[in-house]
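Everything quoted here is computed from the prediction, not taken from an experiment. To find a chain, count down the sequence lines: A is the first, B the second, and so on, and within it residues start at 1.
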There are 2 protein chains.
Amino acid sequence: MSNNQFKRGELYSVVNGMATTAVARRLQKNFRNAGLDITIEQWSVLYHLWKEDGLSQLELGNRTFRDKASTTRLIDNLEKQELVVRVASKEDRRINLVFLTDIAKPLQQITYELANQTMNEALLDITKEEIDIVKNVFQRVYDNLTNKDLL
Amino acid sequence: MSNNQFKRGELYSVVNGMATTAVARRLQKNFRNAGLDITIEQWSVLYHLWKEDGLSQLELGNRTFRDKASTTRLIDNLEKQELVVRVASKEDRRINLVFLTDIAKPLQQITYELANQTMNEALLDITKEEIDIVKNVFQRVYDNLTNKDLL
DNA sequence: GACATATAGTTAGTTATGCAACTAATATAA
DNA sequence: TTATATTAGTTGCATAACTAACTATATGTC
């Protein structure tokens, strides 16, 4: 019985991640209130394209922690809303490169503001040190669970 | 610009909650590998019933951070698998009380073990102090976002 | 007692998730 | 160079999420 174990009664609150769920829900609500008709999942894809346009679907899936099937569907929906377009790569025709449209580009500014505002609400009384610890723990937990798959 | 703000480039990793997602996925995988045919969402409901059997759907929704529609469907599926039964309350016939069946009861032991094992994998190198901080931050973030709705 | 309001739960509609099986294109190996 | 394996993406299937509109029961007020 290692000393870094949760008491049973606390297991679920960790697995569920109620805090991150609450943040996501609040951000979604703030998008809606601002008249933005995109889901936070769609936003998570746009977010990475704003940083680097023209990523492949697979790369987008890696960066947003999704499998390729989920990524396909998400991009289907983004394409339906004309926020992105798929362009087959010239070098490797198996690969779809995903590009932002002119409709998507102006959304960056507004959504960043809403995201920052949401984070400020969420992190109202949380210190910089606490945030650093949480981020660090998240990363290590993620590594603990994903590196093992390579062994 | 408050000092407890994430840099833009880090926003998404927080909203996404990649660590908690990874834990959930690993736990789901461990259930499957053990031949258990339940989802972690279903388990989250069973988890609360094992602690206190015969809760109403609404109460189960509160404890698992779900709205009532999601709770309805989840219990539909649990009932389909004969893991729970709905019993109308005698005092108030609007209320469905949810009870574990004899099929669900023996699952408690196995799933708790798998959950503990999963948490041990996830928290391998995380100290008790770090865990306490994360839990505390989660709770405060949750409070920050939900208390406001009451104002 | 009758009418309005609140509450618990269900249903319809849309989006998203994951797994497994599939297609098409590319890379490797005999 | 042909056969085999790998890779990127899609599709089918099942579960789950949220919102909004709905039903049925209970409560509160006049």
Side-chain angles (χ1 to χ4, degrees), chain A residues 15-18 20-33 36-45 55-62 64-81 83-84 86-98 149, chain B residues 15-18 20-33 36-45 55-62 64-81 83-84 86-98 149:
Chain A
V15 173
N16 177 268
M18 65 175 183
T20 51
T21 301
V23 174
R25 284 209 273 242
R26 170 60 59 101
L27 183 53
Q28 178 71 77
K29 198 173 173 184
N30 287 348
F31 279 179
R32 211 170 29 245
N33 289 345
L36 293 174
D37 197 24
I38 56 172
T39 66
I40 49 159
E41 290 84 4
Q42 293 171 353
W43 179 73
S44 75
V45 170
L55 293 170
S56 71
Q57 296 193 190
L58 215 63
E59 185 54 32
L60 275 171
N62 289 338
T64 62
F65 310 104
R66 282 182 183 92
D67 74 351
K68 48 189 187 166
S70 301
T71 307
T72 292
R73 283 338 150 160
L74 212 35
I75 292 172
D76 285 347
N77 284 333
L78 282 167
E79 218 171 25
K80 232 183 283 169
Q81 297 182 249
L83 295 170
V84 304
R86 279 184 247 236
V87 178
S89 164
K90 307 255 149 131
E91 289 84 47
D92 185 338
R93 287 189 300 161
R94 288 172 302 184
I95 297 175
N96 282 340
L97 302 176
V98 182
D149 294 334
Chain B
V15 173
N16 177 267
M18 66 174 183
T20 51
T21 301
V23 175
R25 284 209 273 243
R26 170 61 58 102
L27 183 52
Q28 179 70 77
K29 197 174 174 183
N30 287 348
F31 279 179
R32 212 171 28 246
N33 289 345
L36 293 173
D37 196 25
I38 56 172
T39 66
I40 51 158
E41 291 83 3
Q42 293 171 353
W43 178 72
S44 76
V45 170
L55 294 170
S56 71
Q57 295 193 190
L58 216 62
E59 185 54 31
L60 275 171
N62 288 338
T64 61
F65 310 104
R66 281 182 185 93
D67 73 354
K68 49 189 187 167
S70 303
T71 307
T72 292
R73 263 25 120 138
L74 211 36
I75 292 172
D76 284 348
N77 283 333
L78 282 166
E79 218 171 25
K80 231 183 285 169
Q81 297 182 249
L83 293 170
V84 304
R86 279 185 247 238
V87 178
S89 164
K90 307 257 151 131
E91 290 82 46
D92 186 339
R93 285 189 303 160
R94 288 172 304 184
I95 298 174
N96 282 340
L97 303 175
V98 182
D149 294 335

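Protein atom CZ of Arg32(B) is 14 Å distant from nucleotide atom P of dT15(D), rounded to whole Å. In this entry the distance linking CG of Asp37(B) with P of dC19(C) reads 14 Å, nearest Å. Rounded to an integer number of Å, the gap from CD of Glu41(A) to P of dC18(D) is 11 Å.
Applying the side chain to side chain contact (heavy atoms under 4.5 Å, CB included) criterion to Ile95(B), with sequence neighbours excluded, gives Ser56(B), Ser89(B), Asp92(B), Leu97(B). Every residue was checked against the salt bridge (Lys or Arg N to Asp or Glu O under 4.0 Å) condition with Asp67(A), not counting sequence neighbours, and none meets it. Scored by the side chain to side chain contact (heavy atoms under 4.5 Å, CB included) test, Glu41(A) finds Thr39(A), Arg66(A), Leu74(A) as partners (sequence neighbours excluded). By the side chain to side chain contact (heavy atoms under 4.5 Å, CB included) test, Asn62(B) is found to be paired with Glu59(B), residues two or more places apart in sequence or in another chain being considered. Qualifying side chain to side chain contact (heavy atoms under 4.5 Å, CB included) partners for Arg32(B), counting only residues two or more places apart in sequence or in other chains: Gln28(B), Lys29(B).
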Margin query: Test side chain to side chain contact (heavy atoms under 4.5 Å, CB included) on Ile75(B) and Leu60(B); report intermediate values, then the result.
Written below: CA-CA 10 Å; Ile75(B) 292 172; Leu60(B) 275 171; 4.0 Å; yes

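An OP1 or OP2 oxygen of dA14(D) is reached within less than 4.0 angstrom by no side-chain nitrogen or oxygen of Asn77(B). Proximity of Gln42(B) to the phosphate of dA16(D): a side-chain N or O atom is located under 4.0 Å from OP1 or OP2.
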Margin query: I need a per-nucleotide contact map over nucleotides 3-10 of chain D, read 5' to 3'. Cutoff is protein heavy atoms under 4.0 Å; write B for the base, S for backbone only, - otherwise.
Written below: ---BBBBB

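For Arg66(B), the side-chain atoms get nearest to dA17(D) when compared with the rest of dA16(C), dA17(D), dC18(D).
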